[in-house]
Structure formats: C-alpha cells, structure tokens
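Every number for a ligand or one of its atoms is a count from 1 in the order of the listing. Any value given below was found using the heavy atoms of this structure, including those in side chains, with hydrogens, waters and symmetry copies removed.
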Amino acid sequence: MKTTHQTLDRRTFFSLVGTSIGAIVLSNCLSSCSAPAEAVSPGPSTGGTTGGSTGLTLNLNDAANAKLKQNGGFLYKNGMIIARTKDGSFIAVSQVCTHAGVTVEFDAAGNRIHCPGHGSNFKNDGSIINGPAGSPLKAFKTTFDSTSNTLKIG
Ligand code: FES
C-alpha cells in the first residue's frame with residue numbers, strides 16, 4: 001500500500017490557518033453584535049409609554065388578587081400598580097413615580113394615579129395630569145377574560 005503525503009510550504013500553511021482563524025473571529029463577532037431579545041418591547045403610545053408583553057396573568061378568583069374584584073381596588077405586582085377603575089376597566093402602569101421614585105397609588109375617588117411623594121397625578125393611561133413629574137408612567141395593555149375571570153397584562 002502506498003501512501004502519499006502532501007506537504008505545505010510555510011506560506012500556504014499560515015495562509016490557511018489565518019483564514020480559518022479569521023472566519024472564526026468574524027463569526028463570533030457577528031453573533032455577539034446582534035441585538036438582544038427584549039423581554040418587554042415598546043408598543044403604541046397612548047399618553048404614557050405603553051409596554052409590551054409582561055407574561056403576567058392574574059386570576060381574580062385567587063385571594064391575592066381579590067382587590068381587583070371591586071371598582072377602585074388596586075394591588076402591586078411585578079413593579080406595576082394594577083387597578084380596577086370606577087367604570088370597572090383595568091389599568092396597569094409602572095408603580096414607580098418618574099419624579100423621584102416614590103410608589104404611586106390609585107386614587108379611586110379621583111379615578112387617577114396619585115403620587116404621595118410630591119403630589120404628581122397621572123391619568124389612567126400613565127400620562128401626566130400635573131407634576132412635578134415630567135415623564136409619564138409606563139403603561140401596559142390589559143385584557144380581561146370574564147369567562148375565566150383572568151386579567152392578562154401586556
Ligand atoms: S416622587 Fe412622585 S411626585 Fe415626587
């Protein structure tokens with residue numbers, strides 16, 4: 001049996017190795033330079049900045065969510081204040097005031113979001129009624145399923 005060996009000269013060897021390493025480095029660079037997937041993507045704005053999916057669904061039959069069974073009730077969940085307004089619709093906005101970070105409250109009598117920190121008020125879509133806050137609260141879409149009595153946020 002006869003075997004043949006091909007030999008590479010030094011220049012050809014380094015040319016091949018260099019091309020291979022270059023391809024690997026370029027491949028890694030391109031894959032690491034792509035945009036990361038976002039957990040929450042921005043959606044259409046209706047006053048306050050509207051967020052995308054939060055993956056949160058609340059079952060209103062659960063005792064922990066009982067406050068949402070009555071108009072004017074609210075609770076905090078995953079950094080949001082979730083409320084049932086005077087007319088029975090649901091809202092979800094960031095619970096952190098954009099002025100100085102105080103946790104906002106739902107003002108059932110005024111049917112608005114109120115910040116006890118320095119008196120800012122926001123509409124139920126997160127937009128500003130009055131400052132000192134200069135930016136709206138981030139708002140999330142809510143979808144209520146009366147059959148399953150569940151509220152989907154985002
Ligand atoms: S922290 Fe909300 S108004 Fe100042």
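Placement of Phe144 and Ile153 within a single hydrophobic cluster is found when ILVMFWY residues are connected by side-chain heavy-atom separations under 4.5 Å, directly or transitively.
Checking side-chain atoms of Asn111 against main-chain N and O of Lys86 turns up a donor-acceptor pair under 3.5 Å. Checking side-chain atoms of Asp145 against main-chain N and O of Thr147 turns up a donor-acceptor pair under 3.5 Å. The main-chain N or O of Phe90 is found under 3.5 Å from a side-chain atom of Thr142 such that the two form a donor-acceptor pair.
Protein-derived N/O/S atoms nearer than 2.8 Å to atom 2 (Fe) of ligand 1 total 2, waters excluded.
A cation-pi arrangement, defined by a distance under 6.0 Å to the six-membered ring centre and an angle within 45 degrees of its axis, is absent between Arg84 and Phe106.
For the ring-ring contact (aromatic ring centres under 6.0 Å, His included) test, residues two or more places apart in sequence or in another chain that qualify with His99 are His118.
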